[in-house]
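What follows is a set of notes on a single structure, which appears directly below.
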Amino acid sequence: MAKDKEFVKEITPQNEDFSQWYIDVIKKADLADYAPVRGCIVFKPEGYEIWERCQEGLDRRFKATGHRNAYFPLFIPESLLLKEAEHVEGFNPELPWVTEAGGEKLTERLAVRPTSETIIGEMYHRWIQSHRDLPVLINQWCNVVRWEKRTLPFLRTTEFLWQEGHTAHRTEEEARTEVMRMLEVYRDFLETDLAIPVVPGRKSESEKFAGAVETYSIEALMKDGKALQAGTSHFLGQNFSRVFDIQFLDDDGQRKYVWTTSWGMTTRIIGAMIMVHGDDRGLVLPPRVAPTQVVVVPILKKGQDEVRARAQQIADELRSVARVHLDDRAEYSPGWKFNEWEMRGIPLRIEIGPKDLEKNQAVLARRDSGEKLFVSLDNLPETVAGLLETIQKEMYERARGFMAENTRPAATFEELAEIIENKRGFVQAGWCGKAACEAEVKEKTKATIRNIPLEQPDNGPRHCVCCGEPAQYKVIFARAY
RNA sequence: CGGGGCGUAGCGCAGCUUGGUAGCGCACUUGGCUUGGGACCAAGGGGUCGGAGGUUCAAAUCCUCUCGCCCCGACCA
């Protein structure tokens with residue numbers, strides 16, 4: 001194979017300019033386009049379908065854990081938003097307001113939702129009377145708006161798509177269990193469907209959700225060594241139930257406030273998928289979320305129409321095990337198609353030419369490894385189904401290997417700073433738990449505490465990487481998106 | 001929101017310094033010929049130069065404002 005880069009000259013190499021590479025891939029793989037509104041993107045069919053696959057994967061898991069979908073309004077009255085002080089303060093700078101409609105000024109201005117805790121709190125107040133009404137396990141698929149200063153396609157856009165789960169429970173313990181259960185759902189989804197390994201953990205006080213008692217996250221590592229928060233699960237305690245007066249009569253005759261949780265995952269994970277798996281030739285899609293899993297490219301020569309017919313037949317056979325596209329366009333050469341579909345990240349390409357038919361074989365080319373396999377046409381559906389699973393698994397293993405290689409311990413501040421500056425990646429270090437140390441590290445290295453991993457090693461660092469006092473936790477530091 | 005860079009055909013760019021009414025490659029259309037890693041030939045179509053205002057006989061080019069994108073910083077999923 002000749003030099004790879006010559007084939008995809010439209011894409012900036014990763015090591016030259018990772019940000020530009022990211023933008024190039026999104027454009028060339030036809031995932032999204034910039035919209036006429038600042039910071040907003042259009043999800044093109046190819047990009048939106050990836051989101052639909054994510055929705056399927058998540059929604060199935062939500063249903064399996066007893067949740068049901070509902071839909072709450074886009075507009076939130078200012079009075080509702082103002083009820084929870086910490087919450088308002090957190091979101092105020094990024095709220096768009098509707099102040100007039102129908103040519104008249106509104107008596108109360110309406111925020112376009114940045115998240116729905118408040119309006120859902122208001123409704124739960126009306127719906128919950130008895131312990132028999134609990135738990136309430138509701139999820140919402142919707143768009144939200146946050147007027148961010150700096151935007152980047154998928155990772156941070158003014159309007160984005162997500163799901164937000166909102167649950168109410170009788171006891172603190174039950175709510176806490178829910179928080180951890182959904183964090184685990186996110187971890188499983190990301191690792192299984194998107195082949196992205198993550199570190200589950202708890203957010204520090206300064207990084208937690210505005211209004212939460214505790215925030216948990218799963219953190220992923222991008223190929224440029226920066227971290228990305230891929231999903232969050234919040235234990236809201238009774239913060240919202242107190243301000244929205246969500247009380248129930250318990251079986252002991254006492255009126256009590258419910259314990260609530262919320263958890264969300266956004267279209268940002270598409271950005272994560274691009275930056276975890278993509279390479280210099282473009283997008284690399286994990287089979288489970290790939291809109292097209294297999295592209296069949298017949299090698300068409302004049303006067304050999306049977307190749308096209310056989311390719312069609314093979315593609316049809318494969319539809320029982322995979323999402324298949326047959327590219328039998330005559331106006332493009334096979335080589336052009338190979339590059340095009342690789343750029344678009346299709347996990348598996350099947351080449352079928354006259355020579356293959358003579359030998360009753362097909363050529364299978366893996367997008368993730370570049371490997372070409374010559375396989376028998378007998379049992380092709382089984383072969384392909386198995387290979388797609390192998391690709392999915394190996395993509396995850398590869399990403400996990402990358403994360404492991406780029407997770408380094410640091411015992412001292414100097415070590416931490418050196419790793420962050422020169423190698424990036426995750427840095428494991430001790431932390432005394434004080435906000436001052438966290439802030440100092442952030443100021444001097446631009447690295448933040450991504451989370452306090454749930455799995456705390458027995459032999460972890462003994463001292464705070466900043467002040468040297470006894471460490472309370474082993475945490476992950478990284479520069480983040 | 002501060003600092004830097006860039007907006008000219010769908011994409012990538014030249015032209016701007018020194019004003020004279022727009023060009024190249026790819027893509028696109030038609031025909032031919034091809035097809036195992038981005039073929040070739042021929043003939044075509046497409047841009048009020050991001051937008052607004054100003055200077056000028058004349059503005060892609062000079063001036064002012066504005067919008068958007070990228071990179072670097074402070075806030076966030």
Side-chain angles (χ1 to χ4, degrees), chain A residues 1-12 17-24 27-28 33-41 89-95 114-115 144-164 186 203 206-210 215 217-220 227-234 262-272 281 297-304 307-308 328-343 349 351-357 362-363 365 370 372 374 442-443 446 448 479-481:
Chain A
M1 201 184 292
K3 289 187 186 66
D4 289 359
K5 45 184 172 274
E6 289 178 13
F7 292 120
V8 230
K9 38 196 176 294
E10 298 97 331
I11 296 178
T12 307
D17 184 343
F18 194 82
S19 301
Q20 191 57 49
W21 168 85
Y22 177 72
I23 302 292
D24 289 347
K27 284 187 184 165
K28 292 298 165 187
D33 198 4
Y34 292 105
V37 183
R38 180 189 189 88
C40 292
I41 59 168
E89 199 187 323
F91 284 105
N92 226 355
E94 40 190 66
L95 292 177
T115 178
V144 287
V145 172
R146 296 179 191 177
W147 222 261
E148 299 289 351
K149 309 281 185 197
R150 195 169 156 186
T151 60
L152 195 56
F154 295 118
L155 293 189
R156 190 178 300 101
T157 49
T158 303
E159 177 188 5
F160 57 93
L161 306 180
W162 76 344
Q163 60 65 218
E164 49 179 326
Y186 287 152
K203 284 291 191 181
S206 72
E207 299 270 332
K208 74 171 200 204
F209 176 73
T215 289
S217 74
I218 49 173
E219 302 284 330
L228 186 80
Q229 177 173 306
T232 49
S233 185
H234 313 290
S262 68
W263 25 276
M265 188 168 268
T266 80
T267 36
R268 159 179 265 199
I269 56 175
I270 296 173
R281 314 185 71 165
V297 179
I299 311 302
L300 302 167
K301 285 193 167 63
K302 199 145 217 184
Q304 294 182 322
V307 174
R308 174 184 265 113
D328 62 353
R329 292 175 294 179
E331 60 271 31
Y332 292 102
S333 69
W336 189 92
K337 293 175 185 174
F338 296 169
N339 287 293
E340 178 70 10
W341 293 112
E342 281 173 11
M343 194 161 71
R349 178 180 70 245
E351 305 168 18
I352 296 167
K355 283 186 262 175
D356 299 310
L357 293 182
V363 181
K372 276 198 180 190
F374 298 82
K442 183 177 179 180
E443 197 204 320
K446 291 168 202 142
T448 49
R479 287 192 187 162
Y481 275 98

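Note on naming: letters A, B, ... go to the chains in the order of the sequence lines (proteins, then strands), and numbering restarts at 1 for each one. Keep in mind that the numbers below use all heavy atoms, side chains included, and drop hydrogens, waters and symmetry copies.
In this structure, Arg329(A) places its CZ atom where more than 12 heavy-atom neighbours from other residues, nucleotides or ligands lie under 6.0 Å away. Within a 6.0 Å radius of CH2 in Trp336(A), more than 12 heavy atoms belonging to other residues, nucleotides or ligands are found.
Here Ile269(A) lies out of heavy-atom contact (under 4.0 Å) with every strand. If you check every strand for non-hydrogen atoms under 4.0 Å, Thr158(A) touches nothing. Using a 4.0 Å heavy-atom distance criterion, Pro354(A) is classed as a base contact. Here Gly264(A) lies out of heavy-atom contact (under 4.0 Å) with every strand. As judged by a 4.0 angstrom heavy-atom cut-off over every strand, Gln229(A) is placed among residues touching the sugar-phosphate backbone only. Within the nucleic acid shown, Arg349(A) comes within 4.0 Å of at least one base atom, counting heavy atoms only. Across all strands shown, Ala330(A) has heavy atoms under 4.0 Å from base atoms, whether or not it also approaches the sugar-phosphate. If you check every strand for non-hydrogen atoms under 4.0 Å, Lys203(A) touches nothing. Within 4.0 Å of Val363(A), counting heavy atoms only, lies at least one base atom of the nucleic acid.
Of the charged side-chain nitrogens involved, none lies within less than 4.0 Å of a carboxylate oxygen, so that Glu94(A) and Lys149(A) do not count as a salt-bridged pair. Between Arg146(A) and Glu159(A) there is no salt bridge, since no side-chain nitrogen of the basic residue lies less than 4.0 Å from a carboxylate oxygen of the acidic one. At a threshold of 4.0 Å, the pair Arg150(A)-Glu148(A) does not count as salt-bridged, since none of the basic side-chain nitrogens sits closer than that to a carboxylate oxygen.
Straight-line distance between the C1' atoms of A9(B) and C24(B): roughly 12 Å, to the nearest whole Å. The C1' atoms of G23(B) and U61(B) are separated by 15 Å, rounded to the nearest whole Å. For C13(B) and C6(B), the P atoms lie 12 Å apart once the distance is rounded to whole Å.
Pairing of A39(B), defined by two Watson-Crick or G-U wobble distances under 3.5 Å, is not identified with any nucleotide. Summarising the base pairing, G73(B) is matched to C1(B) through a Watson-Crick or G-U wobble pair whose two defining distances lie under 3.5 Å. G7(B): Watson-Crick or G-U partner is C67(B), with both key distances under 3.5 Å. Base pairing analysis places G23(B) opposite C13(B); the two distances defining the Watson-Crick or G-U wobble pair are each below 3.5 Å. Here G46(B) sits opposite no nucleotide as a Watson-Crick or G-U wobble pair (both hydrogen-bonding atom distances under 3.5 Å). Base pairing analysis places C62(B) opposite G54(B); the two distances defining the Watson-Crick or G-U wobble pair are each below 3.5 Å.
Separating the OH atom of Tyr481(A) from the C1' atom of C75(B) is a distance of 17 Å, rounded to the nearest angstrom. Look at OH on Tyr332(A): it is 14 Å from P on C26(B), rounded to the nearest Å. Atom pair Lys337(A):NZ and A27(B):C1' shows a separation of 17 Å (rounding to whole Å applied). The separation between Glu331(A) atom CD and A27(B) atom P is 13 Å, rounded to whole Å.
Looking at Arg156(A), its side chain comes within 3.5 Å of the base of C76(B) through a donor and an acceptor atom.
Between Arg329(A) and Lys28(A), the residue anchored closer to the 5' end of RNA chain B is Lys28(A), taking for each the nucleotide with the nearest heavy atom. Comparing Ala365(A) and Thr232(A) by the nucleotide of RNA chain B whose heavy atom lies nearest to each, the residue mapping closer to the 5' end is Ala365(A).
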**Request:** Please assess Leu161(A) against Val144(A) for the test side-chain contact (heavy atoms from CB on, under 4.5 Å), listing each intermediate value before the final yes or no.
**Result:** CA-CA 6 Å; Leu161(A) 306 180; Val144(A) 287; over 6 Å; no
**Message:** If you apply the rule side-chain contact (heavy atoms from CB on, under 4.5 Å), what do you find for Lys203(A) with Gln229(A), and how did you get there?
**Reply:** CA-CA 10 Å; Lys203(A) 284 291 191 181; Gln229(A) 177 173 306; 2.7 Å; yes
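Checking Lys28(A), Lys27(A), Gln20(A) one by one against Asp24(A), the side-chain hydrogen bond (donor to acceptor under 3.5 Å, both in side chains) holds for a single residue, Gln20(A).
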**Request:** Could you encode protein contacts along nucleotides 67-72 of chain B as a string, one character per nucleotide from 5' to 3', using B for base contact, S for sugar-phosphate-only contact and - for no contact, with a heavy-atom cut-off of under 4.0 Å?
**Result:** -SSSSB
